[in-house]
Colleague: 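Here it is, the structure, as structure tokens.
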Amino acid sequence: LFLILIFCVSFVLSFALKRIYLRFVTQAKTSNPWLSTFIQALYMPLLWLIWSFAFLNSFETIFQDPLLGPLVKSLNFDGDFWLVGLKKLSICAAIAFSLLRWKKGLEKAFTRKAILSDLNKEIDQALFGAISRLISIFIAVIFSLMALDIMGVPIQTLVALGGIGSLAISLAGQAVIARSEEHTSE
């Protein structure tokens, strides 16, 4: 009975989210590209989060069931630890997915605006693409570190090695950039 209630609540929440999304998208498309792309970026991750929490809460209910709970515990499966971790991972994944979708939406909006207003000649497409990829990599690295931390992997060593590695790359890249500036000035 409680499982049916969980899924009914999830269905109602997803329906309400869709209604709110449609109302805000129609209002925000005309006014502000930042807001409209943000609202569009939030819809799918929030919907995914609602349903993932429904499934995780239903598993939690099964683990606490007087009949099935002992069976699960006899398998030496620590459901509470994994469910809490999966809930935290779901939230982190939804945030990362929203940020990536927002970045992609902004990229499309500004590219469309640049093409329509003849700014396309002033925008360096290679630089624009490189910055977009760097932002995507930054979001992926931050999400990966957060996921490793949630799973209990110590990330202090990884962060220290990443700092040393980025220092080495920047020092090596400094010489390459200096040589390329010498060639372009000649």
Colleague: Which atom pairs, one a donor and one an acceptor, fall under 3.5 Å between side chains of residues 87-97 and the rest of the protein, sequence neighbours left out?
Modeller:
residue	atom	partner	partner atom	Å
K87	NZ	N57	OD1	2.8
K87	NZ	E60	OE1	2.9
S90	OG	L86	O	2.8

Colleague: If the condition is side chain to side chain donor-acceptor pair (under 3.5 Å), which residues does S144 pass it with, not counting sequence neighbours?
Modeller: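 Here no residue qualifies.
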
Colleague: According to side chain to side chain contact (heavy atoms under 4.5 Å, CB included), who are the partners of L148, at least two apart in sequence or on a separate chain?
Modeller: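 With sequence neighbours excluded, L148 shows a side chain to side chain contact (heavy atoms under 4.5 Å, CB included) to M151, V153, I155, L158, given in chain and number order.
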
Colleague: Using every non-hydrogen atom in the two residues, find where S132 and K103 come nearest and quote the distance to one decimal.
Modeller: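 Where S132 meets K103 most closely, the heavy atoms are OG-NZ, 2.9 Å.
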
Colleague: Apply ring-ring contact (aromatic ring centres under 6.0 Å, His included) to Y43 and list each qualifying residue two or more places apart in sequence or on a separate chain.
Modeller: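 If we apply the ring-ring contact (aromatic ring centres under 6.0 Å, His included) test to Y43, skipping adjacent residues, the hits are Y21.
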
Colleague: What pairs with K108 under side chain to side chain contact (heavy atoms under 4.5 Å, CB included), at least two apart in sequence or on another chain?
Modeller: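 Scan of K108 (side chain to side chain contact (heavy atoms under 4.5 Å, CB included), adjacent residues dropped) gives K104, R112.
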
Colleague: Which pair of non-hydrogen atoms, one from S10 and one from I50, has the smallest distance, and what is that distance?
Modeller: O-CG2, 3.7 Å

Colleague: If hydrophobic residues (ILVMFWY) are linked whenever their side-chain heavy atoms come closer than 4.5 Å, directly or via other members, who joins F138 in its cluster?
Modeller: I142, M146

Colleague: Hey, could you give me the CZ/CE distance between R101 and M44, rounded to the nearest 0.5 Å?
Modeller: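 Output value for this atom pair is 6.5 Å.
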
Colleague: Kindly work out whether a path of hydrophobic side-chain contacts (I/L/V/M/F/W/Y, heavy atoms less than 4.5 Å apart) joins F11 to L49.
Modeller: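 Yes, F11 connects to L49 through the hydrophobic network.
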
Colleague: How long is the gap from OG on S98 to CD1 on I139, to the nearest 0.5 Å?
Modeller: 10.0 Å

Colleague: Does T37 have any side chain to side chain donor-acceptor pair (under 3.5 Å) partners at least two apart in sequence or in another chain, and if so, which?
Modeller: W102

Colleague: Hey, what do you get for CD1 (I131) to OG (S136), rounding to the nearest 0.5 Å?
Modeller: 12.0 Å

Colleague: Which residues pass the side chain to side chain contact (heavy atoms under 4.5 Å, CB included) test with V9, not counting sequence neighbours?
Modeller: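 For V9 the side chain to side chain contact (heavy atoms under 4.5 Å, CB included) partners, ignoring immediate neighbours, are L5, L13.
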
Colleague: For the CG atom of L46 and the NZ atom of K18, what is their distance to the nearest 0.5 Å?
Modeller: 14.0 Å

Colleague: Among residues at least two apart in sequence or on other chains, which ones pass side chain to side chain contact (heavy atoms under 4.5 Å, CB included) with V141?
Modeller: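 Side chain to side chain contact (heavy atoms under 4.5 Å, CB included) check on V141 returns I137, L145.
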
Colleague: Would W48 and F55 show up in the same hydrophobic cluster when neighbours are defined by side-chain heavy atoms closer than 4.5 Å?
Modeller: no

